[in-house]
2 protein chains.
Amino acid sequence: MSIKDVADRAGVAVGTVSNVLNHPARVSAATRGRVQGAIDELGFVRNDAARQLRAGQSRTIGLIVLDVGNPFFSSLARAAEDCAAENGSTVVLGDSGQDAGRETRYIDVFEQQRVQGMLISPVGDVGPRVEALRARGMPVVLVDRVDAQRRCSSVSVDDVAGGYMAVRHLLAAGRRRIVFVGTRAGYRQVADRLAGARQAVGEQDGAVLEVVEAEAMTVLAGRDVGGEIAQRRREELPGGIFCANDLLAIGVMQAVLLIRGLRIPEDIALIGYDDIDFSASAVVPLSSVRKPTTLMGRTAVELLLEEIEEPASRRRQVIFDPELVERGSTQAPVRAVG
Amino acid sequence: MSIKDVADRAGVAVGTVSNVLNHPARVSAATRGRVQGAIDELGFVRNDAARQLRAGQSRTIGLIVLDVGNPFFSSLARAAEDCAAENGSTVVLGDSGQDAGRETRYIDVFEQQRVQGMLISPVGDVGPRVEALRARGMPVVLVDRVDAQRRCSSVSVDDVAGGYMAVRHLLAAGRRRIVFVGTRAGYRQVADRLAGARQAVGEQDGAVLEVVEAEAMTVLAGRDVGGEIAQRRREELPGGIFCANDLLAIGVMQAVLLIRGLRIPEDIALIGYDDIDFSASAVVPLSSVRKPTTLMGRTAVELLLEEIEEPASRRRQVIFDPELVERGSTQAPVRAVG
DNA sequence: ACGTGCCAATGAAACGATTCAAAAGCACGT
DNA sequence: ACGTGCTTTTGAATCGTTTCATTGGCACGT
């Protein structure tokens, strides 16, 4: 089933069928109708491989994420798809699952498919890989990671600013003893959030920051930390707690509310990071810091299209500030008058 | 950059390069080495479009899901990818986002790409679409949905059995007054779960089932329902509550624990459905009913490959039983002896 | 020296869509 | 009748890979 069959059925040349599909204006209405009829009758579907072979380029963008199950990536993917669709391209998604082997496999597959370009949220050091891709003229944009050597464009988030915003918010609510809950493990992101917290505390007279280490970035680990904090003497209780992610914060909340009947936010204000779906539905809705996922997804695609259209243009590192999401865990609800 | 360039560089014919790539045994070691060297020096990457055009078929499977953000689908996708990889194929993922238009776009794109076959978790009625695909010889397997006309294979879950298991579990713990929390809205799945619950209650002497309607399938709606139930007189309290999904159950739990200090599971045993990530980390770990996602993903790919290899073989509707996940919300923890 | 097998290497043909120079068709004026 | 300028249609060439019938080279037996 090819364009040839359609041409025969409609009694025209193959070039005419191609024109109906790609430049309808060049074909007379009568012929167009006959060809269209033949296409419908035969159920003809274009062969993308042949198309692409001739064109030398596809209309596809490859997106490789660390984990499709992670809401950050799934919503980024959604935004990228929308933006690509508006520009006549399609996004195909590959899930590396934090595995360098799978990442490599997807890069290979996408390169063989001659995608227009790739958006990669890299597992480890992709320096050499990216170098090789670029040498062959394949546009690449890094997501949620900057390229130290500035060889390719990237979109990422300023976690230092996020940490700063979170603690600034606690300080603005009058809290002075602040606890940061995180892990030691070398996550750059956790370290950045802590750095931002330090900066905010440093700028505020009389404010002190205490760093508490959790076993992991999970609800359970948060509950342990929360239990420890809740049992302190009242004068040693912090007025505000900033957790390096929402899971930790939810664990802390569970412990603080249940173990000693402390109130959130009256006794302790609590803020997390990431704004996962569940945060809004916690017993006390959890304040958090959110990455601008949609904006990041769209921007990544735009940077990529820019590079595709203008390969010589300068690479750009776009760094977004996160957004503060204020909910009940840091603010007493406004009481309705009446 | 093509196979021709490699051939020139290595001083051989194009056919030889192709043989090195596809049938290495046919080529002498010396030649193979020279060709391999040329490939590495030039950084040659196969052109999949040309390959596929010649072969007439790709090594790609298209997977269209309702929502990549939904853990059920992301973990199903992961399993499908793994299973496909073991069989030398690659899965590309399309997210319809419950939108029929997007679904159609992905079906079209995949068909143009001449994927080996598609796994579809359909938005609405795909009957006509699937019919057309099959007429053109495109293998399709439905996911999480059975084809009433049995025209294509499918993998799905028996939600009636799931509802039955959940309520059977509550009854086994000695509870007799059971409440089912769900929505009226025409979700077939909710109706199935209720049917299973009815069946289990019907088989148990002295058991009664009450159906309570929630506004939506959310934590907030669950909290409303839970609040209403918790305020009942003690003799009207149910001994067990079965919620149509985990979000509802978590809302119910929040309300029941906080509003009147009732204990879970001592006063009320609670079970949800879906086993979302968060259920294990709830204040009282939530019992739930889980779909065998991994098995479903693998089976879907296997059914598809079966149809690809043996187009005349019979279509099969595989229906899995869900799994009961027992946690603290239905069972008092066993106390350590000592 | 010469046929006989074998293995290795060759290169033209094919896949299906697009492109584009060339041809055909048409209307109109002279 | 014929040229002019226009639109419409044609079909060969092209993209990069794989396939496979054919050729080339070599060792061995006679």
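Fair warning: this is a prediction, and the values are worked out from it, not measured in the lab.
- Taking atom CZ of residue A:R26 and atom P of nucleotide C:dA21, one finds them 11 Å apart after rounding to whole Å.
- A salt bridge is defined here as a Lys NZ or Arg NE, NH1 or NH2 lying under 4.0 Å from an Asp or Glu carboxylate O, and A:R9 with A:D5 fails to meet this definition.
- Within the 4.5 Å cutoff, the side chain of A:M118 has no heavy atoms near those of the A:I61 side chain.
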Nucleotides 13-18 of chain C: protein proximity per nucleotide (B base, S sugar-phosphate only, - neither; heavy atom, under 4.0 Å): BBBBBB
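- A cation-pi arrangement is absent between B:K291 and B:F320, since the terminal nitrogen or guanidinium carbon is not both under 6.0 Å from the aromatic centre and inside a 45° cone about the axis.
- Annotation for A:R34: atom CZ counts as buried by contact number, over 12 foreign heavy atoms lying within 6.0 Å.
- The bend of the helix from C:dA1-D:dT30 to C:dT30-D:dA1, defined by the angle between the axes of its first five and last five pairs, stands at 70° to the nearest 10°.
- At whole-Å resolution of the value, CD in A:Q52 and P in D:dC15 are 16 Å apart.
- Phosphate proximity of C:dA9 to B:S28: present, with a side-chain N or O under 4.0 Å from OP1 or OP2.
- Proximity of B:V92 to B:L63: side-chain heavy atoms (C-beta onward) are nowhere separated by under 4.5 Å.
- At C:dT10, one or more side-chain N or O atoms of B:T16 fall inside 4.0 Å of OP1 or OP2 (strictly under the cut-off).
- Side-chain N/O atoms of A:S89 and A:Q116 include a donor and acceptor closer than 3.5 Å.
- Partners of A:R151 under the side chain to side chain donor-acceptor pair (under 3.5 Å) rule, at least two apart in sequence or in another chain, are A:E131, A:D147, A:Q149.
- In summary, B:E307 and B:R314 do not engage in a salt bridge, as defined by a charged side-chain N under 4.0 Å from a carboxylate O.
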